[in-house]
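A quick write-up on the structure given underneath.
For this chain, numbers begin at 1 and follow the sequence in order.
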Amino acid sequence: MIETLHISNYALIDTVDITLHPGLNIITGETGAGKSIMLGALSLLMGGRADSKAMRDASRKSVVEASFSADSFAGMEAFCKENDIDFDPGHIILRREVAPGGRSRAFINDTPVTLTVLRQMALMLVDIHSQHQNLLLASPPYQLRVLDSLAGNDKRLAEFAGQYSRYRHAVKEYQLTRRKIEQTRREEAYLRHQYAQLAQAQLVDGEQEELERERDVLSNMADIKEALASVISALREGEENADSMLKQAYDGAVSLSDLIEDADMLAERLDSLRVECRDVADSFQEYDRSLSADPGQLEAVEERLNLLYDLERKHHTDTVAALIGIRDSIKGKLDAIDSGDEALRDLEQGARRAKKEALELARGISEVRHKEAVKFADILKERAVPLGMKNLQVEISVKEADLSATGIDQVEFLFAFNKNQPLLPVGNTASGGEISRLMLSIKSIVADKMELPSLIFDEVDTGVSGDVANRMGEMMLAISDNIQVIAITHLPQVAAKGSAHYKVFKEDTDSSTVTRIRQLSDDDRVDELALMLSGSVDNEAARATACSLLGFPTEPSQPSLF
């Protein structure tokens, strides 16, 4: 429900702060006092167009802010998480600011949001109805939702939604697989040619690097042999080599063992160096013996590398590992072609089974809808006829349709308002006032079945009076037992039903005329209803009637607290 509403610097409103209450909130005021201005400001929270011309003071920003108690509305927390909005359980604040230049900003719980997000949230919290804003009644999704709510289809629809999702997933998987197979079949000959080349190459991961090293060695054999000979000569085979010099140094160190304390230890170190030197020389000699200057070997390496390079260029890669991945991917595609018909049959059968199960659930829902449609038509007619539509005929049409996310039904509300008039969709046959009264009747029926936001009725009782007005007031009061209702009205019969009553009025200041709103005490309500009844607060008969409408035995002497 709406807890508070703040409007500043908008049209004739300087600053207005309203605290609203549960139940039926009534707003009255003379024509032109500013009731429509308040709704215009509220429409900004619904994502409406921001017009800088509506700013009272062009040098200041306009602000509209409403706080809501929304702990009972499912999906609110999920919506906030989805849009990165701080969620305060049970309390939500919407704000719209319009800067002097016309640029506007929107906030939810002080988090900046887009106008689309603001509107989506606002529609979960507020539902405005007027003679010009009741197109919802002609909306097929809304009509279906009303019927399902009355039929208690929530659990059935949840089960169906899961099965329908599985069916759609199965269909999507079948279609995607079929497209892939059809695509690969168009390329089959080329794929098989590619695979044959890659498979014939007998690729081994890491072989390219090994071959490139071998090629470098074979290509530089003479230089390598010369360098090896130089190393081996210096270590062992030359006239003056490291081995003979280390032997000479070792012998000299041994001869000094009796004269120098550490000579034996140093001699051992020299001997170790000599052993290491011989081992290194042996390794170089072994490597030298292993090197072959066979031109055929170099040719074979070059040929293998050229094959790998050609394949890499063809497949736009530079590693054998990537070629192996491409080969395996092509093999997978060819396997899919070979087993494609069988795989498609399995997927098609799975999709058909999923559709059959979804259809069975949809038919069960449809059966319930057909039964509820008859009941709902009777109840709606019973509620609406006393509201000045004595010739009203109602039919809730439920026709078979293709399987969709909502089932297999096409629901349409059909009405006739005059004798011998054919039943037609509401948008083709009803006046604004008739649509308003129909919507009021529907809301009164579904108020305890559907999770509805706060309802604002903007003069939906225009054009009625007497008993019809009283019945409309009773309907609004009944709806307010379950949800907050705010009714803007000119009818005393409706105004008297409110649990809280507010008056919109104009007031002259030193420099301008402004719109104000205040909550009325019991005495004030008698004055207001007497004024609405007779045009004068002093008319005794009107005051007595006002007291009667309000249920006061006599005029109250003390103001009540709301």
Side-chain angles (χ1 to χ4, degrees), residues 1-20 27 32-70 73 75-88 91-130 132-136 453-458 484 486 488 502 504 506 509 511-517:
M1 58 167 271
I2 305 175
E3 294 180 325
T4 62
L5 177 63
H6 168 82
I7 305 169
S8 63
N9 194 36
Y10 183 82
L12 293 179
I13 297 175
D14 181 17
T15 299
V16 161
D17 289 284
I18 314 167
T19 299
L20 295 161
I27 298 177
K35 300 187 295 299
S36 61
I37 293 175
M38 291 180 56
L39 282 179
L42 194 59
S43 71
L44 290 177
L45 295 182
M46 311 294 288
R49 179 176 175 272
D51 188 352
S52 59
K53 295 179 181 178
M55 301 173 70
R56 176 179 174 80
D57 182 347
S59 66
R60 297 188 295 122
K61 67 181 178 181
S62 294
V63 178
V64 181
E65 180 177 288
S67 65
F68 297 82
S69 171
F73 289 97
M76 202 72 68
E77 183 175 4
F79 181 87
C80 288
K81 287 182 178 179
E82 182 182 346
N83 292 281
D84 295 324
I85 298 168
D86 292 334
F87 179 71
D88 179 5
H91 195 68
I92 291 176
I93 299 175
L94 307 186
R95 186 169 79 255
R96 180 89 177 270
E97 298 179 356
V98 183
R103 182 174 176 270
S104 76
R105 297 192 300 166
F107 303 85
I108 299 177
N109 289 348
D110 288 327
T111 301
V113 297
T114 64
L115 282 184
T116 299
V117 172
L118 180 72
R119 175 175 172 77
Q120 289 172 344
M121 175 66 87
L123 288 174
M124 288 189 273
L125 297 166
V126 183
D127 190 3
I128 299 177
H129 292 281
S130 70
H132 307 290
Q133 293 174 311
N134 273 317
L135 297 179
L136 189 64
S454 296
L455 292 177
I456 299 177
F457 291 108
D458 179 20
Q484 183 189 54
I486 301 169
I488 300 173
Y502 304 82
V504 179
K506 287 182 179 178
T509 66
S511 58
S512 62
T513 299
V514 296
T515 289
R516 307 284 194 204
I517 184 169

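Taking CZ of R96 as the start and CG of L118 as the end, the distance is 7.0 Å to the nearest 0.5 Å. From I108, atom CD1 reaches atom CG of L125 across 8.5 Å, with rounding to the nearest 0.5 Å. One finds the CD1 atom of I92 at 7.5 Å from the CE atom of M124 (value rounded to the nearest 0.5 Å). Note that the CE atom of M38 and the CD1 atom of I7 stand 5.0 Å from one another [nearest 0.5 Å]. Note that the OG atom of S43 and the CZ atom of R49 stand 11.0 Å from one another [nearest 0.5 Å]. Here L42 contributes atom CG and L5 contributes atom CG; the two are 6.0 Å apart, rounded to the nearest 0.5 Å.
Here the shortest heavy-atom pairing between L45 and V64 reads CD2-O, 3.5 Å. The nearest pair of heavy atoms linking N109 to D88 is ND2-N, 4.0 Å. Across every non-hydrogen atom of A122 and M46, the tightest pair is CB-SD, 3.6 Å. What you find for T19 and T4 is that their closest heavy atoms are OG1-CG2, 4.1 Å. Closest heavy-atom contact between M55 and A99: SD-O, 3.5 Å. When all heavy atoms of L115 and A106 are compared, the pair lying nearest together is CD2-CB, 4.1 Å.
Taking the side chain as every heavy atom from C-beta outward, V98 and Y10 never approach each other to under 4.5 Å. You'll find the side chain of V113 stays beyond 4.5 Å of the side chain of N83, heavy atoms only. Here the side chains of Y502 and I486 are not in contact, with every heavy-atom distance at 4.5 Å or above. T111 places none of its side-chain heavy atoms less than 4.5 Å from the side chain of D84. Side chains of M76 and M121 form a contact here, defined as non-hydrogen atoms less than 4.5 Å apart. Within the 4.5 Å cutoff, no side-chain heavy atoms of R105 are placed close to those of P112.
Checking side-chain atoms of Q484 against main-chain N and O of I2 turns up a donor-acceptor pair under 3.5 Å. The main-chain N or O of N9 is found under 3.5 Å from a side-chain atom of S62 such that the two form a donor-acceptor pair.
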*asked:* The test is side chain to side chain contact (heavy atoms under 4.5 Å, CB included); show your working for K35 and T515 and say whether it passes.
replied: CA-CA 9 Å; K35 300 187 295 299; T515 289; over 6 Å; no
*Evaluate the side chain to side chain contact (heavy atoms under 4.5 Å, CB included) criterion for residues I85 and V117: first the C-alpha distance (whole Å), next the side-chain angles of each, then the deciding distance (0.1 Å), finally the verdict.*
CA-CA 10 Å; I85 298 168; V117 172; 4.1 Å; yes
*Decide yes or no on side chain to side chain contact (heavy atoms under 4.5 Å, CB included) for F107 and I93, but give the supporting numbers first.*
CA-CA 8 Å; F107 303 85; I93 299 175; over 6 Å; no
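Residue D14 forms a side chain to side chain contact (heavy atoms under 4.5 Å, CB included) with just one option from T509, D57, V514, and that option is V514.
The 12-atom threshold is exceeded at CZ of R60, counting heavy atoms of other residues, nucleotides or ligands nearer than 6.0 Å. The environment of CZ in R516 is crowded: more than 12 heavy-atom neighbours from other residues, nucleotides or ligands sit within 6.0 Å.
A salt bridge links R95 with D110; the closest basic N to acidic carboxylate O contact falls under 4.0 Å.
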